Amino acid sequence: MDGSVGGERLATLVRMSEGAPRVRFAPSPTGYFHVGGARTALYNWLFARRLGGQFVLRIEDTDRERSDPAWTDGILSALRWLGIDWDEGPIHQSERRAGYEAAARRLFAEGRAYACDCTPDEVRARTAGNPVPGYDGHCRARGLEPGPGRALRFKVPDEGTTVVCDLVRGDVEFANATIEDFVVQKSNGDALFVLAVVVDDLDLRITHVVRGEEHLPTTPKAVLLWEALGDGRPLPVFAHLPILVNEQRQKLSKRRDKVAVEDYRDAGYLPEAMVNYLALLGWAPADGREVLTRDELVAEFRLEDVNRSPAFFDLKRLGHFNGVYVRALGDDAFLAASRPFLEAPDVPFAGRLDDQVLARLAPLAKERVATLSEVPDLVAFAFVEPFDPDPGAYDKAIAGDDAAPEILERFLAGLDTVPFGADGLRSVLTGVADALGRKLAKAQAPVRVATMGRPIGLPLFESLEVLGEATVRARVGAALARRRGEG
RNA sequence: GCCCCCAUCGUCCAGUGGCCCAGGACAUCGCCCUUUCAAGGCGGAAACACGGGUUCGAAUCCCGUUGGGGGUGCCA
């Protein structure tokens, strides 16, 4: 390889990065928007924002078979959620066919492309055993006129080398002999993406093409087209980002891997956390910090520091970042962000929320969730009606504990002796624990299950204070009665 | 098959010839704190794929091998 992105070359490429770069993010609307696309969009955006350039959004929907406007909507809303805004667009390639047709005509007129009426089957049959793969140039010299049923193929030079100047990979060389005469216009008249991309990048005056590594092998074709259609305009600087992989180290696939950006939104991840995590997948700031605000990312991000190897999208690590961001939220912001989850149609206490209670529970819950979708479960005890302890928890902590009746009874009695509140409750239960020779941790289990329904959750005494004396007495009493009734 | 890319702890990054018997973070294990669970604190285990060079000196440079990945469509 010629992977050295060092010295002179780097200096030159970086110099080209100065001024006002124009980048584009160009997803194709053929499926939901996944985190790999989000990372690519983010890197484009960070690069543009840092250098004061423009970020253009382009929808690559030249394939009418597979594209669907619904997917475009999903992409736009995911980008907005992530806070990735665009300066121009969305530009739809489907609306720019005239330009592609003109380019195709020009290529033909200038002898850079030729018409071909071979069917895919014919080509395959003919080239089956060839050492050099791809089209065999069958129609090159047949002098066919373009027309319905005839594709247009670019006449790739037989000799020489095409070089892709890449900010993250260095110069990547492709022998022209290994590049087939590729199709630029389908036999139905539609442009193929390679052509469309080059025409648009030229028209949009794109200076930097930042995209996934899967595009690297087709880049020499784009370079060839750019040279044929660019009227001498300098090539864009390329930057092929390492792909994102799953645990099997394969490229993230919309099909196979559940990595839709909107799923993460729905699961209670914060966009700031997602952006922070995504930014660190393939790049890191010089000083080793890991939690960075959006502004810090913009200030620190350098395309030339992006590394070259694939990165695994690690949910655990995302969870860690999300926890950091959730905990950093103010109580009000935390509540506001949790709202959609608390008011979701499937929560068992829908319509019984109490903002006062919620506000008091917020600081307690904030510290204990990795994602916002966990909030409803944590605060359910305060709203659910009628209240009933989780069966498994009841069996273990109350039915299965010989001392449980006495603990509950003494606890209930103790309530008469102190002012109701977290401190009083704590001292009561501490007294009970002491009297029975138990650790406080062990003594609180029956009370917790009786009042909050589950063995783990928010801090007991603070939660009971919020619950209120009457409810606490009622629940403890109910659990006690039930336990006694069962012998 | 052919073309191209990649190769540091399980994972994500740091490291651009000596500061590295390799540093941070996530995960993991142990301890502490503690009313559960978290959070937090402390500590542990854990990696330069292999082989040749170059050099006084290589995780860092070169070559090869192996391994992984991407592409190979009239998809993007």
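Residue numbers begin at 1 in each chain, while the letters A, B, ... track the order of the sequences. Because the structure is predicted, anything quoted here is derived from the model rather than measured.
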Worksheet, complete the sentence: Between A:Leu458 and A:Thr218, whichever has its closest RNA chain B nucleotide further toward 5' is A:Leu458
Practice prompt. Would you state whether a donor and an acceptor, one from the side chain of A:Arg368 and one from the base of B:C37, lie under 3.5 Å apart?
Written response: yes
Kindly list each side-chain donor-acceptor pair under 3.5 angstrom involving residues 145-154 of chain A, sequence neighbours excluded, with atom names and distances?
{"from": "A:Arg150", "atom 1": "NH1", "to": "A:Glu145", "atom 2": "O", "distance (Å)": "2.8"}
{"from": "A:Arg153", "atom 1": "NH1", "to": "A:Asp181", "atom 2": "O", "distance (Å)": "2.8"}

Worksheet entry | For A:Asn246, side-chain contact (heavy atoms from CB on, under 4.5 Å) partners two or more places apart | A:Gln248, A:Gln250, A:Leu252, A:Arg256, A:Asp257
Worksheet item: Separation of A:Asp201 atom CG from B:A76 atom C1', in whole Å?
Response: 13 Å
Worksheet, complete the sentence: A:Arg256 atom CZ is separated from B:G69 atom P, nearest whole Å, by 10 Å
Practice prompt. Name all residues meeting the salt bridge (Lys or Arg N to Asp or Glu O under 4.0 Å) criterion together with A:Asp314; count only those two or more places apart in sequence or in a different chain, and write none if there are none.
Written response: none
Discussion item. Given B:U36, B:C75, B:C74, identify the nucleotide with an atom nearest to the side chain of A:Pro120.
Written reply: B:C74
Practice prompt. Could you tell me whether A:Gly457 contacts a base, only the sugar-phosphate backbone, or nothing, with contacts defined as non-hydrogen atoms closer than 4.0 Å?
Written response: base
Worksheet item: Using a cut-off of 4.0 Å on non-hydrogen atoms, how would the nucleic acid contact of A:Leu460 be classed: base, sugar-phosphate, or nothing?
Response: base
Item to complete: Whole angstrom is fine here: how far is it from CZ in A:Arg124 over to C1' in B:U72?
Response: 13 Å
Worksheet item: So, A:His92 and A:Thr72: side-chain donor and acceptor under 3.5 Å apart, yes or no?
Response: no
Worksheet item: Nearest of B:C5, B:U36, B:C26 to any side-chain atom of A:Lys316?
Response: B:C26
Worksheet entry | C1'-based separation of B:G43 from B:C33 [nearest Å] | 15 Å
Worksheet item: Touch check for A:Thr62, heavy atoms < 4.0 angstrom, all strands: base, sugar-phosphate only, or nothing?
Response: sugar-phosphate
Discussion item. Less than 4.0 angstrom between a side-chain N/O of A:Lys366 and OP1 or OP2 of B:A38, yes or no?
Written reply: no
Item to complete: Name the nucleic acid region contacted by A:Glu462, choosing base, sugar-phosphate or nothing; use a 4.0 angstrom heavy-atom cut-off, strictly under.
Response: base
Worksheet item: Taking the C1' atom of each, how far is B:A22 from B:A39, in whole Å?
Response: 31 Å
Discussion item. At 4.0 Å (heavy atoms only), tell me whether A:Ala151 reaches a base, stays on the sugar-phosphate, or touches nothing.
Written reply: base
Fill in: B:C13 versus B:G52 - spacing of their P atoms, nearest Å
30 Å
Worksheet item: Just by distance, with hydrogens left out, do A:Thr127 and A:Asp136 show a side-chain donor and acceptor under 3.5 Å apart?
Response: no
Worksheet, complete the sentence: Separation of B:G70 atom P from A:Leu252 atom CG, nearest Å, is 11 Å
Worksheet item: Is it the case that more than 12 heavy atoms not belonging to A:Arg249 sit under 6.0 Å from its CZ atom?
Response: yes
Discussion item. Nearest whole Å is fine: how far is B:A7 P from A:Ile243 CD1?
Written reply: 13 Å
Fill in: All side-chain contact (heavy atoms from CB on, under 4.5 Å) counterparts of A:Ala38, not counting sequence neighbours
A:Phe33, A:Leu82, A:Val261, A:Leu278
Discussion item. Among residues at least two apart in sequence or on other chains, which ones pass ring pair (Phe, Tyr, Trp, His ring centres under 6.0 Å) with A:Phe341?
Written reply: none
Item to complete: Tell me which of A:Val369 and A:Phe174 sits closer to the 5' end of RNA chain B, going by the nucleotide each one is nearest to.
Response: A:Phe174
Worksheet item: Hey, can you pull the residues of residues 181-195 of chain A with a non-hydrogen atom under 4.0 angstrom from RNA chain B?
Response: A:Val183, A:Lys186, A:Ser187, A:Leu192, A:Phe193
Discussion item. For a quick check of understanding: with a heavy-atom distance under 4.0 Å over all strands, which category does A:His215 fall into, base, sugar-phosphate or nothing?
Written reply: base
Item to complete: Classify the side chain of A:Arg66 and the base of B:C75 as holding, or not holding, a donor-acceptor pair under 3.5 Å.
Response: yes
Worksheet item: What interatomic distance, in whole Å, is found between P of B:G15 and the corresponding atom of B:G71?
Response: 29 Å
Worksheet entry | P atoms of B:C21 and B:U16, separation to the nearest Å | 14 Å
Response to the item:
Any strand, both distances under 3.5 Å, Watson-Crick or G-U wobble: B:A45 pairs with none
Fill in: Any residue meeting salt bridge (Lys or Arg N to Asp or Glu O under 4.0 Å) with A:Asp395, in chain and number order, not counting sequence neighbours
none
Worksheet entry | Base paired to B:A58 (Watson-Crick or G-U; both N/O distances under 3.5 angstrom) | none
Discussion item. Can you confirm whether A:Lys155 is buried at NZ, in the sense that more than 12 heavy atoms of other residues, nucleotides or ligands lie under 6.0 Å from that atom?
Written reply: yes
Can you tabulate the close N/O pairs, meaning under 3.5 Å, that link protein atoms to atoms of nucleotides 39-42 of chain B?
{"from": "B:A39", "atom 1": "O3'", "to": "A:Arg327", "atom 2": "NH1", "distance (Å)": "3.4"}

Worksheet item: In whole Å, what separates the P atom of B:A47 from that of B:C42?
Response: 23 Å
Practice prompt. Between protein and nucleotides 8-13 of chain B, map the contacts as a letter string: B base, S sugar-phosphate only, - none, heavy atoms under 4.0 Å, written 5' to 3'.
Written response: ---SBS
Discussion item. Can you check the distance between B:C75 and B:C20, where both ends of the measurement are the C1' atom (answer in whole Å)?
Written reply: 47 Å
Discussion item. Just the rounded figure in Å: distance from C1' of B:C4 to CZ of A:Arg211.
Written reply: 14 Å
Worksheet item: Roughly how many Å is it from CG in A:Leu429 to P in B:U34, rounded to a whole number?
Response: 17 Å
Worksheet entry | Distance in Å, A:Lys221 NZ paired with A:His215 NE2, rounded so as to fall on 0.5 Å steps | 13.0 Å
Item to complete: Counting heavy atoms from C-beta on, name the nucleotide in B:C37, B:C74, B:U35 closest to the side chain of A:Arg153.
Response: B:C74
Practice prompt. Quick one: look up who B:A7 pairs with, Watson-Crick or G-U, both distances under 3.5 Å, and put none if it's unpaired.
Written response: B:U66
Check: residues 443-458 of chain A side-chain donor-acceptor pairs under 3.5 Å, at least two apart:
{"from": "A:Gln444", "atom 1": "OE1", "to": "A:Arg448", "atom 2": "NE", "distance (Å)": "3.4"}
{"from": "A:Gln444", "atom 1": "OE1", "to": "A:Arg448", "atom 2": "NH2", "distance (Å)": "3.4"}
{"from": "A:Arg448", "atom 1": "NH1", "to": "A:Leu458", "atom 2": "O", "distance (Å)": "2.9"}
{"from": "A:Arg448", "atom 1": "NH2", "to": "A:Leu458", "atom 2": "O", "distance (Å)": "3.2"}
{"from": "A:Thr451", "atom 1": "OG1", "to": "A:Val447", "atom 2": "O", "distance (Å)": "2.7"}
{"from": "A:Thr451", "atom 1": "OG1", "to": "A:Arg448", "atom 2": "O", "distance (Å)": "3.4"}
{"from": "A:Arg454", "atom 1": "NH2", "to": "A:Asp377", "atom 2": "O", "distance (Å)": "2.9"}

Worksheet entry | Euclidean distance for C1', B:C29 against B:U72 (whole angstrom) | 46 Å
Worksheet item: Considering residues at least two apart in sequence or located in another chain, which fulfil the side chain to side chain donor-acceptor pair (under 3.5 Å) criterion with A:Arg327?
Response: none
Fill in: Counterpart residues, side chain to side chain donor-acceptor pair (under 3.5 Å), relative to A:Asp200 (two or more places apart)
A:Gln93, A:Arg96, A:Tyr100
Discussion item. Checking base pairs now: Watson-Crick or wobble, both atom distances under 3.5 Å. What partners B:G1?
Written reply: B:U72
Discussion item. Could you check, using the six-membered ring where one of them is a Trp, whether A:Tyr269 and A:Phe321 have ring centers closer than 6.0 angstrom?
Written reply: no
Item to complete: Send over the distance from A:Asp166 CG to B:G70 C1', rounded to a whole Å.
Response: 14 Å
